[in-house]
> 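First the structure, then my questions, so here it is.
Residue numbers begin at 1 in each chain, while the letters A, B, ... track the order of the sequences.
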Amino acid sequence: MNHETHSEILEDIMFLIYPLILVFGFYVILTGPRNPGGGFQGGAILVAVFMSRYLVFPISMESLNFLKKLDKIMLIALILVAVVYLFLGLHQTSDLFKIIYNTLMNVLIGIKVGSGLTVVFYTFIDIEGGEED
Amino acid sequence: MIEKIFFVILIVFAIMAVHTPKMRQAVVYLAVFSALSAFVYVLMGAPDAALAEAVIGSTIATIIYLAALQKYKVFMIYLLDEKQDTHHREHVSRRKDPILSTIEEFCIKRELEPLIIYAVDELDFIKKKPGWDIIVTKVKNHYVLHGREQNYHAMALKDEWEKEKKAKVSFIVEKEHE
C-alpha cells in the first residue's frame with residue numbers, strides 16, 4: 001500500500017465517524033450493567049476507531065508503547081479494585097457502592113480490551129511489515 | 001418462522017464463503033454471515049451475544065482478514081489504455097477483457113490474489129512504480145504483456161502461455177538495469 005497517497009473521501013468520512021464511534025463505545029460501556037453490552041463489547045467498538053485509522057493511514061502507530069502500558073495498568077487496576085471492594089466489605093454496605101463498582105469495572109474492562117486489541121492489531125500489522133519497497 | 005428463513009440464509013452464505021475461489025469475496029461473505037447471525041441472536045433473545053457478534057464478527061475479524069490478505073501474495077495487474085482520457089470513464093466496460101479471466105484463472109490456480117488496476121498513464125510511468133507484477137497493454141486486439149525477469153510468477157505465466165500457444169498475445173520480459 002502506498003504511504004503518500006490516501007483517499008480524501010475516506011479521510012473526511014473518518015473524521016465524521018470518529019466521534020460517533022467513540023460516543024457509541026462509551027455508551028455501550030457505561031450502560032453495560034443495565035443494558036445489553038458491557039466492557040468487552042464497548043472496548044471492541046473503541047478498537048474500531050484505531051482500525052479505521054489504519055484503513056485511512058496505513059502506517060504503524062507511534063503511541064503503541066503507551067497503549068501497551070495502559071493495558072498492563074488496567075489489568076492491575078482491575079485486580080486492585082476487585083480486591084479492595086471485597087476486602088473492605090463495600091458490597092455489604094449500600095446499593096450505591098454496587099452501582100459505582102459495576103460501572104467502574106466496566107470502564108476498566110472497556111479500556112483494557114480497547115488498548116489490548118489495538119496492540120494486538122498493530123503488532124499483527126507490523127509483523128513482516130515494510131515489504132512495500 | 002422468520003428465524004428459520006434466516007437459518008437457511010446463514011447456511012447459504014456459509015457455503016458461498018467456503019466455495020468461492022477468491023479470498024476477498026470469502027471475507028465479505030463471512031462478514032455478511034456474522035451480521036446475519038447477530039440478527040438471529042437478537043431474534044432468539046440474546047442481545048448481549050448479538051452485540052459481541054456484530055462488533056467482533058463483522059468488524060474486527062473482517063478488518064483483520066483484509067489486512068492479512070494485504071500481506072498475502074497479491075498479484076498486481078495493470079491494464080493500460082494509453083489512448084483514453086482520464087475524464088471520460090464510459091469506455092471502461094462492465095464486461096471483463098477475456099485476457100483478464102485467463103490471468104485470474106492462473107492466479108487462482110497458484111493461490112494468488114488478483115488485483116486489477118485500470119490505468120490510463122503511460123507505460124514508462126507505471127514501470128517506475130513499485131509492486132507491479134504484470135502490465136497488459138492492448139493494441140488493436142493484440143495484447144502485450146510486460147513482466148519482470150525476477151518475478152517468477154510472471155515468468156510462470158509466460159511459460160504457461162507459450163505452452164498452450166494462445167494466439168494474439170506476446171510477452172515482453174523486462175531485465176533489471178542496475
> So which atom in A/Pro36 and which in B/Leu51 form the shortest heavy-atom distance, rounded to 0.1 Å?
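A/Pro36 and B/Leu51 have their closest heavy atoms at O-CD2, 4.0 Å.
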> Report the C-alpha distance between B/Val55 and A/Phe40 in whole Å, list the side-chain angles of each, state the deciding distance to 0.1 Å, and finish with yes or no for side-chain contact (heavy atoms from CB on, under 4.5 Å).
CA-CA 10 Å; B/Val55 170; A/Phe40 182 76; over 6 Å; no
> Are A/Met51 and B/Ile64 side-chain neighbours, meaning at least one heavy-atom pair lies under 4.5 Å?
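Result yes, sub-4.5 Å side-chain heavy-atom pair found.
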> Go through the steps to decide whether A/Gln41 and B/Asp48 satisfy the test side-chain contact (heavy atoms from CB on, under 4.5 Å), and finish with yes or no.
CA-CA 9 Å; A/Gln41 285 92 333; B/Asp48 230 336; 3.2 Å; yes
> For chain A, which candidate among B/Ala50, B/Ala52, B/Ala46 shows the most heavy-atom pairs at distances under 4.5 Å?
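If we count pairs closer than 4.5 Å to chain A, B/Ala52 comes out on top.
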> Between A/Leu75 and A/Val107, is there a shared hydrophobic cluster once you connect ILVMFWY residues whose side-chain heavy atoms come closer than 4.5 Å?
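No, because A/Leu75 and A/Val107 fall into different hydrophobic clusters, even though each may have its own neighbours under 4.5 Å.
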> Same cluster for A/Ile79 and A/Tyr101 if Ile/Leu/Val/Met/Phe/Trp/Tyr side chains link at under 4.5 Å?
no
> Is there a path of hydrophobic side-chain contacts, each under 4.5 Å between heavy atoms of I/L/V/M/F/W/Y residues, joining B/Ile11 to B/Met1?
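No; B/Ile11 is not reachable from B/Met1 via cluster members.
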> Are side-chain heavy atoms of B/Ile60 and A/Phe121 found at a separation under 4.5 Å?
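No, every pair of side-chain atoms sits at 4.5 Å or beyond.
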> Please answer: with hydrophobic residues joined when any side-chain heavy atoms are less than 4.5 Å apart, are A/Leu22 and A/Met14 in the same cluster?
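They do share one cluster, since a chain of ILVMFWY contacts under 4.5 Å joins A/Leu22 to A/Met14.
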> Out of curiosity, does A/Ile21 fall in the hydrophobic cluster containing A/Leu16 (side-chain heavy atoms, cut-off under 4.5 Å, transitive links)?
no
